[in-house]
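One is the number of the first residue; the rest follow in order along the sequence.
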Amino acid sequence: DLPRGSGTILVAEDEAGILALVERTVVSLGYRCLAASDGEEALALTEAEGGAIDLIISDVVMPRLGGPAFVALFRHRHPDVPVIFMTGYATALEVPGIAVPAYQGMLHKPFTIAELTAMVRQVLATSAA
């Protein structure tokens, strides 16, 4: 049995089915989940939390405010929070016009619950070290 996690994970994803899947997965691992449907909503949630976020899992391309722009804004105040980006693009870092900030993990859609779980555990273990 794997140890249960603790802390808060913010998930930003505009596809409702993927958002629900990721939310269910992180909750099942023992984390508290804040779910947002785009970067603007994600930013509002982080403000409400006072920045007390242990990990961000964000889609790269979303309406209103995309993942990289949201992460860049969030990191002005909280530079050390680890980030996992999710993308349907084969080469996420070559999305035209998007500067992707430093990140700790990249999940390519479609991904499995096992891949998501492994990456969350790996990124959080690395950032806690």
Side-chain angles (χ1 to χ4, degrees):
D1 225 21
L2 289 166
R4 305 236 343 125
S6 63
T8 301
I9 296 178
L10 179 124
V11 181
E13 166 61 65
D14 59 317
E15 289 181 52
I18 296 173
L19 180 60
L21 172 81
V22 175
E23 183 176 16
R24 274 196 313 272
T25 302
V26 301
V27 167
S28 75
L29 296 173
Y31 299 97
R32 182 168 160 252
C33 184
L34 301 175
S37 59
D38 63 41
E40 282 187 9
E41 190 180 336
L43 209 52
L45 283 172
T46 63
E47 294 299 314
E49 288 293 307
I53 308 289
D54 298 291
L55 173 65
I56 291 170
I57 303 174
S58 177
D59 192 11
V60 173
V61 178
M62 293 182 287
R64 297 200 304 164
L65 185 63
F70 151 61
V71 168
L73 288 168
F74 179 78
R75 281 196 170 153
H76 279 303
R77 290 194 201 122
H78 313 282
D80 300 326
V81 175
V83 173
I84 296 170
F85 281 116
M86 302 178 286
T87 183
Y89 291 90
T91 52
L93 304 184
E94 295 171 21
V95 179
I98 295 181
V100 178
Y103 60 89
Q104 286 64 46
M106 181 69 70
L107 280 168
H108 293 279
K109 297 176 192 175
F111 51 82
T112 65
I113 290 174
E115 288 168 332
L116 171 63
T117 299
M119 187 166 288
V120 166
R121 291 189 186 284
Q122 176 194 338
V123 167
L124 286 172
T126 305
S127 70

Measuring only between side-chain heavy atoms, which start at C-beta, is [X] closer than 4.5 Å to [Y]?
X    : Y   : answer
Y103 : V71 : no
L43  : T46 : yes
L73  : L65 : yes
I57  : V26 : yes

- [ ] Only counting residues at least two apart or in another chain, list the ones meeting salt bridge (charged side-chain N to carboxylate O under 4.0 Å, His left out) with R75.
- [x]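 R75: no salt bridge (charged side-chain N to carboxylate O under 4.0 Å, His left out) contacts found.
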Task: Sequence-distant partners of E40, side chain to side chain donor-acceptor pair (under 3.5 Å), two or more places apart - done: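 Side chain to side chain donor-acceptor pair (under 3.5 Å) list for E40, sorted by chain: R64.
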Task: Intermediate values then yes/no, side chain to side chain contact (heavy atoms under 4.5 Å, CB included), E13 and L21 - done: CA-CA 10 Å; E13 166 61 65; L21 172 81; over 6 Å; no
Open item on the list: Under the criterion side chain to side chain contact (heavy atoms under 4.5 Å, CB included), I'd like the reasoning laid out for L10 against F74: C-alpha separation, chi angles, the key distance, then a yes or no.
Closed with: CA-CA 12 Å; L10 179 124; F74 179 78; over 6 Å; no
Specify the closest pair of heavy atoms between [X] and [Y], including all atoms of both residues, with the distance to one decimal.
X   : Y    : result
P82 : V123 : CB-CG1, 3.6 Å
P63 : D38  : O-CB, 3.4 Å
A12 : A42  : CB-CB, 4.0 Å
A35 : E41  : O-OE2, 3.6 Å

TODO: Go through the steps for F70 and V83 under the test side chain to side chain contact (heavy atoms under 4.5 Å, CB included), then give the verdict.
DONE: CA-CA 11 Å; F70 151 61; V83 173; over 6 Å; no
Open item on the list: In this structure, would I53 and M62 fall into the same cluster of hydrophobic residues linked by side-chain contacts under 4.5 Å?
Closed with: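 No, separate clusters.
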Task: Common cluster, M86/L124, ILVMFWY with side-chain heavy-atom separation under 4.5 Å - done: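 Looking at the clustering, L124 is in the same group as M86.
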Open item on the list: Treating T117 as the side-chain partner and A114 as the backbone partner, does any N or O pair qualify as donor plus acceptor under 3.5 Å?
Closed with: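 Not a single qualifying donor-acceptor pair exists.
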Open item on the list: When you measure from the side chain of D54 to the backbone of T8, do you find a donor-acceptor pair of N or O atoms at a distance under 3.5 Å?
Closed with: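 Yes; at least one donor-acceptor contact below 3.5 Å.
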Task: Nearest-0.5 Å distance, CZ of residue F111 to OG1 of residue T87 - done: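 Rounded to the nearest 0.5 Å, the CZ-OG1 separation comes out at 10.5 Å.
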Task: Nearest-0.5 Å distance, CG of residue L55 to CD1 of residue I84 - done: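 That separation rounds to 4.5 Å.
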Task: Stepwise side chain to side chain contact (heavy atoms under 4.5 Å, CB included) check, T126 with Q104 - done: CA-CA 9 Å; T126 305; Q104 286 64 46; over 6 Å; no
